[in-house]
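Keep in mind that what you see is a predicted model, and the values were worked out from it rather than measured. So you know, we letter chains A, B, ... as the sequences are listed, proteins then strands, and number each from 1.
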Amino acid sequence: MAARRAKLDRLRTELGVEPFGHRVDGITPLDRARAAFDEAAHLAYEEAAKAAKADPSVTIDDRRPAVTVAGRVVQHRDMGKLVFMWLRDHSGDLQVSVSKANVPEGAFKVASMADYGDLLSVTGRVGRTNRGETCVWADGVTMQCKSLEPPPGKWHGLSDDETRYRRRYVDMYANPDTVRTFQLRSRIVSAIRRFMESRGYQEVETPMMQAMAGGAAARPFVTHHNTLDMQLFMRIAPELYLKRLLVGGLPKVFEINRNFRNEGVDRSHNPEFTAMEAYEAFGDYMTMLEMVESLVHAVACEVAGVPQGGPVALPFGDLVIDYAKPFRRVRYEELFQKAFGFAMEDEARVRATAKDLHVEGAATKDLWLVVNELFEERAEALLDPSKPTFVLDYPSAISPLTRPSRARPVIAERWDLFIAGMEIGPAYTELNDPDIQLAKFTEQLKGADEEESTFRSLDEDFITALRVGMPPAGGMGMGIDRLVMLLSNSQSIRDVILFPLMRAE
RNA sequence: GCCUCGGUAGCUCAGCUGGUAGAGCAGCUGACUCUUAAUCAGCGGGUCCAAGGUUCGAAUCCUUGCCGAGGCACCA
């Protein structure tokens, strides 16, 4: 805005002030400055100031805490010879009061010329106004950065989603809740890491650019390496590399990192998203169940600020989610039976029902694909969204990386965790028989359509790794963004990703 | 990719069956040493998302496109 440019020039030419500052040491966050208020010192100062007014020879012993604070101006009220401003930083808001009598003339001009959005540093004493507002009574005011862009409204703020996502930096200063959400996200990810490390898992990093995009069934993003003249895919999952580490001898590994899937965008999908995967040698899917249940519970307790192990519930939209252990468990086939009134292996009734529900390929597609469509259509809806629930024992046919049950090979040792209707993540007893794995991959490739076959290929090195020998293992995956959504009561994944993907402007 | 809704001042929004664009806040000038969305006096501010069409006349109606939101599809 032209007016801001003009003020910038006035600061430089009239006041000799450089509007883009430099290093400031010893800044007190605004919440701490507020907390530093000392009632006794404040009252003593008020008394002394009154006395000094009557008798100028009296010197004031000012014991109010001295602070340096810094922040963005979010309110500015100019009373002529007294200027009140609200500063905002990552910790909160605090009023700064600037009396013309108590600061150098240039500093007072800076204060009275300040605009919404400017960054100031202020030195002064923590006190209170006549109206009871805790504030910093300034003895110095310095312009640290003149904001040259028009700010969002001070009253209605910024609510346009497009601007919030495209200009997150404005969203963050205009909407303190946004900052709180991302502070919470950092705490959650940190708590997850601490939990995993406390259980002896080692964090690793595996390739994000892969010659073959394996470990899941999503469409990948394609890229190219120039000097090697080589097509690469952004990874859709780290699974096949983490398993190689089990082959190599690491017993317990995890990775928290981005996956990239070239699919649609909606409230719970962003093309790049953060996932954790973990693998434990000589474990199985029930090892993972205990671990994930404890992890989600522990993080929920931390977010809610309640003791570990006890009852804990957090709001999510209209729901209150109960994160107390144990989570519910239900077997896939039992849920199917409950939803449809017949067994999932009753092919005739499965296909007939699928036809009634207009499932594509009801008569011709593989039975288990039809079963799973019915399951997703009707059975998942039976889960109580406010109770985290493990759905156990998926059909083997739709679980290509999972070890079939010894007792009943048609069932795979796999579960999925559902919370609030969202799939948070699966876990498997990992398939470590190279011959069966090869057969499953080959089978899967046969079923690939033309588009799929352009990016799907057989990862022979992974089969080689299995032939070298991977210990029996449990493995899990978890969508970190979705977990953060749940724990921060955010209804859209865009509200927990700092810079969600947007179309180019 | 499909369907629905939306895009008007810096922000939040109003603008009826078509008649030439408004409010509040923000901004600018001035006053004010205790404000809390400060107050008071005065002043400026628009590619009505874009292009095309219908019409004497379009922010408004039609078509197409762009961007966003929600839903559907896709996402083992």
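- Judged by distance alone, with hydrogens and angles left aside, the side-chain atoms of A:Arg403 form no donor-acceptor pair with the main-chain N or O of A:Thr429 at under 3.5 Å.
- Using Watson-Crick or G-U wobble geometry with both donor-acceptor distances under 3.5 Å, B:G24 finds its partner in B:C11.
- Test A:Val98, A:Val96, A:Thr129 against A:Trp137 for side-chain contact (heavy atoms from CB on, under 4.5 Å) and you get one pass: A:Thr129.
- One interatomic measurement links the two molecules: NE2 of A:His42 to C1' of B:C34, which rounds to 12 Å at whole-angstrom precision.
- Looking at A:His156, its side chain has no donor and acceptor atom pair within 3.5 Å of the base of B:C25.
- Using a 4.0 Å heavy-atom cutoff across all strands shown, A:Asn372 reaches sugar-phosphate atoms only and no base atom.
- Between atom CD1 of residue A:Ile463 and atom CG of residue A:Leu438 there is a gap of 5.0 Å, rounded to the nearest 0.5 Å.
- For A:Asp318, the CG atom counts as loosely surrounded, since its 6.0 Å shell holds 12 or fewer non-hydrogen atoms of other residues, nucleotides or ligands.
- For A:Arg258, the side-chain contact (heavy atoms from CB on, under 4.5 Å) partners two or more places apart in sequence, or in a different chain, are A:Met208, A:Phe260, A:Glu272, A:Thr274.
- Distance check on atom P: B:G10 versus B:U47 gives 7 Å, rounded to whole Å.
- Rounded to whole Å, the distance from NE2 on A:His358 to C1' on B:C72 is 16 Å.
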Which pairs of donor and acceptor atoms, one on a side chain in residues 33-42 of chain A, lie under 3.5 Å apart (sequence neighbours left out)?
{"from": "A:Arg34", "atom 1": "NH2", "to": "A:Asp93", "atom 2": "O", "distance (Å)": "2.8"}
{"from": "A:Asp38", "atom 1": "OD1", "to": "A:Ala40", "atom 2": "N", "distance (Å)": "3.0"}
{"from": "A:Asp38", "atom 1": "OD1", "to": "A:Ala41", "atom 2": "N", "distance (Å)": "3.1"}
{"from": "A:Glu39", "atom 1": "OE1", "to": "A:Arg128", "atom 2": "NH1", "distance (Å)": "3.2"}
{"from": "A:Glu39", "atom 1": "OE2", "to": "A:Arg128", "atom 2": "NH2", "distance (Å)": "3.0"}

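- To the nearest whole angstrom, the two P atoms, one in B:A21 and one in B:G27, are 26 Å apart.
- In the displayed structure, A:Arg12 atom CZ is contacted under 6.0 Å by more than 12 heavy atoms of other residues, nucleotides or ligands.
- Using P as the reference atom, B:A14 and B:A23 are 16 Å apart when rounded to the nearest Å.
- Straight-line distance from the CD atom of A:Glu360 to the P atom of B:C74: 8 Å, rounded to whole Å.
- The C1' atoms of B:G57 and B:U20 are separated by 8 Å, rounded to the nearest whole Å.
- Regarding A:Lys100, its NZ atom lies at a distance of 10 Å from the P atom of B:A31, rounded to whole Å.
- Separation of the P atoms belonging to B:A51 and B:U60 is 12 Å when rounded to the nearest angstrom.
- Comparing the C1' positions of B:U63 and B:U54 gives an interatomic distance of 11 Å, to the nearest angstrom.
- Between the CH2 atom of A:Trp155 and the P atom of B:A37 there is a distance of 7 Å, rounded to whole Å.
- Figure legend. B:C56 is base-paired to B:G19; pairs are counted as Watson-Crick or G-U wobble with both atom distances under 3.5 Å.
- Computed from coordinates, the A:Tyr332 OH to B:A76 C1' distance equals 10 Å when rounded to whole Å.
- The 5' end of RNA chain B is approached more closely, in terms of each residue's nearest nucleotide, by A:Gln491 than by the other of A:Tyr428 and A:Gln491.
- OP1 or OP2 of B:U12 sits under 4.0 Å from a side-chain N or O of A:Ser159.
- Remark: A:Arg72 qualifies as a cation-pi partner of A:Tyr173 under the 6.0 Å distance and 45° angle criteria applied to the six-membered ring.
- Taking atom C1' in both B:C28 and B:A9, one finds a spacing of 15 Å when rounded to whole Å.
- When heavy atoms are screened at a 4.0 angstrom cut-off, A:Pro426 is found touching no nucleic acid atom at all.
- Note: CE (A:Met79) to C1' (B:U39) measures 8 Å, nearest angstrom.
- Using N1 to N3 plus N6-O4 or O6-N4 for Watson-Crick, or N1-O2 and O6-N3 for G-U wobble, each under 3.5 Å, B:C72 pairs with B:G1.
- For a distance-only test at 3.5 Å, the side chain of A:Gln75 fails to qualify as a donor-acceptor partner of the base of B:A37.
- For A:Pro152, taking side-chain heavy atoms from C-beta onward, the closest of the listed nucleotides B:C11, B:U36, B:U33 is B:C11.
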How does each nucleotide of nucleotides 64-69 of chain B score, in 5' to 3' order, for protein heavy atoms under 4.0 Å: base (B), sugar-phosphate only (S), or none (-)?
---SSS
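- Within the structure, a side-chain polar atom (N or O) of A:Lys7 is placed less than 4.0 Å from OP1 or OP2 of B:C28.
- Nearest-nucleotide assignment on RNA chain B puts the 5′-proximal partner with A:Ser492, out of A:Arg414 and A:Ser492.
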